[in-house]
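Report on the structure given below.
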Amino acid sequence: MKRKKIPDEAVRRLPIYLRGLLSLSEQGYENISSKKLADFVGVNHSQIRKDLSYFGGFGTPGIGYNTENLRRQIRKILKLSMVHKAALVGVGNLGLAVLRYPRFGIFGFHIVAAFDNNPKKIGRRVGNITIEDVSNLKALQQRKIKIGIITVPCEAAQETFDKLVAAGIKGILSFSPCYKKGRKKVKVITIDIAMDLARLPYYIATRPTTRLAKRGR
Ligand code: ATP
């Protein structure tokens, strides 16, 4: 039987629900309605129900969702119930910030290795990780690392991308948009901070400058 195609957007929202559920459980909610979860995470409640229906629903009429059970189910769907080891390439300012971010663990992610090509950085320690030479990337498969994080500058992104793919990496989170697409077996998620910033002013109401001009300022 052909598996129903689940929209990427629905998958993208699951971690948002998971994070909301974590906070709601901490606040003592055993059961929650889709409306409560919707208000908490800022997504329309019918959207939440629709997204969850792709995976089986999980709610009980009149009661809503059991927070613990829904958390467990979402973790299972996202395959977050197992530990995922990740390697980061490019320990500059951005790479350091990502390496030091303490909350990936709650989603089962552990950055266990970091690489750079700058001899002054190789051998330095960041927390419990020692920065390695990029030539060690080849050994990622033996180390059972399947996720790569790219924080090198734009001009080094393609080369880094190719090295990670050659090393058997299955998923890449890239903070650099500068690489070619078309690797069918590798899932790439790009975070392009500049692109997100570029659309932000569109949503910000600006005061017409003519008003200021009228007041003679
Ligand atoms: P810094 O000035 O300390 O290097 P930065 O954030 O300004 O920090 P970037 O030029 O953005 O540095 O580079 C990010 C990191 O990527 C640096 O640590 C750099 O040494 C590393 N890097 C650059 N090219 C490569 C490469 N081909 N392979 C691995 N690491 C690289």
Side-chain angles (χ1 to χ4, degrees), residues 3 5-6 8-16 18-19 22 71-72 74-196:
R3 211 179 140 200
K5 173 92 180 110
I6 292 162
D8 276 349
E9 284 299 298
V11 178
R12 197 177 60 79
R13 282 187 289 266
L14 290 183
I16 299 173
L18 182 59
R19 193 169 51 189
L22 280 169
R71 262 169 55 190
R72 217 180 13 247
I74 294 179
R75 289 189 88 99
K76 204 165 139 199
I77 296 163
L78 292 171
K79 303 189 190 107
L80 295 178
S81 19
M82 50 186 111
V83 171
H84 294 280
K85 292 204 250 176
L88 178 139
V89 189
V91 195
N93 293 308
L94 182 57
L96 262 183
V98 174
L99 265 186
R100 287 180 174 146
Y101 183 70
R103 291 178 63 82
F104 295 129
I106 57 168
F107 290 125
F109 286 94
H110 293 283
I111 303 178
V112 294
F115 301 87
D116 207 285
N117 69 347
N118 182 340
K120 288 190 188 139
K121 296 189 179 180
I122 296 163
R124 275 198 210 161
R125 282 184 74 82
V126 181
N128 53 7
I129 291 174
T130 303
I131 302 172
E132 300 174 51
D133 191 318
V134 268
S135 60
N136 289 2
L137 274 180
K138 290 184 206 118
L140 288 185
Q141 216 158 16
Q142 289 96 293
R143 292 160 78 175
K144 298 194 167 40
I145 300 174
K146 293 195 183 132
I147 291 172
I149 301 171
I150 298 179
T151 44
V152 296
C154 212
E155 60 276 14
Q158 181 68 57
E159 165 196 341
T160 305
F161 183 83
D162 293 340
K163 281 182 185 163
L164 286 170
V165 173
I169 283 290
K170 301 287 180 235
I172 293 177
L173 180 70
S174 177
F175 285 87
S176 169
C178 314
Y179 55 81
K180 288 178 255 135
K181 292 254 166 85
R183 307 284 183 151
K184 278 200 186 124
K185 290 194 176 144
V186 179
K187 174 71 185 169
V188 184
I189 295 176
T190 305
I191 296 179
D192 189 339
I193 298 171
M195 284 298 122
D196 282 338

**Study point:** Donor-acceptor contact below 3.5 Å, side chain Asp116 vs main chain Val91
**Key:** yes
Revision key, fill the gap. Note: Ile150 and Ala157 closest approach over all heavy atoms is CD1-O, 4.4 Å
Point to revise | Nearest-0.5 Å distance, CG of residue Leu94 to OG of residue Ser176 | key: 10.0 Å
Check your understanding: Counting only heavy atoms not in Lys146, do more than 12 sit closer than 6.0 Å to its NZ atom?
Key -> no
Review point. Can you check whether Val11 reaches Leu78 side chain to side chain, under 4.5 Å on heavy atoms?
Key: yes
**Study point:** Leu173 side chain near Ile191 side chain, heavy-atom distance below 4.5 Å
**Key:** yes
Point to revise | Pairwise distance NE2(His110) to CD1(Ile147) - rounded to 0.5 angstrom | key: 11.0 Å
Check your understanding: Taking side chain as C-beta onward, heavy atoms only, is Leu164 less than 4.5 Å from Leu140?
Key -> yes
Exercise for review: Might you point out which heavy atoms bring Ile131 and Phe115 nearest each other, and give the distance in Å?
Suggested key: CG2-C, 4.2 Å
Exercise for review: Would you mind reporting whether Ile145 and Ile169 have side-chain heavy atoms less than 4.5 Å apart?
Suggested key: yes
Check your understanding: Do you know which two heavy atoms are closest between Phe175 and Thr151, and how far apart they sit?
Key -> CD1-CG2, 3.6 Å
Point to revise | Spacing of Lys170 atom NZ and Gln141 atom CD [to the nearest 0.5 Å] | key: 6.0 Å
**Study point:** Neighbour count >12 (heavy atoms, 6.0 Å) for atom CZ, Arg19
**Key:** no
Check your understanding: What's the shortest heavy-atom distance between Leu99 and Ala114, and which atoms?
Key -> CD1-CB, 3.9 Å
Point to revise | Candidates Lys121, Arg143, Arg124 - the one meeting salt bridge (Lys or Arg N to Asp or Glu O under 4.0 Å) with Glu132 | key: Arg143
Check your understanding: What's the spacing between Glu159 CD and Asn117 CG if we round to 0.5 Å?
Key -> 7.5 Å
Review point. Less than 4.5 Å apart, any side-chain heavy atom of Leu18 and any of Phe107?
Key: yes
Check your understanding: With side chains defined as the heavy atoms from C-beta onward, is the minimum distance between Ile111 and Tyr101 less than 4.5 Å?
Key -> no
Revision key, fill the gap. Sequence neighbours excluded, the answer for side-chain hydrogen bond (donor to acceptor under 3.5 Å, both in side chains) partners of Arg12 is Glu9
Check your understanding: Roughly how far, to the nearest 0.5 Å, is the OG1 atom of Thr160 from the CD1 atom of Ile172?
Key -> 9.5 Å
Point to revise | Distance in Å, Leu14 CG paired with Ile74 CD1, rounded so as to fall on 0.5 Å steps | key: 5.5 Å
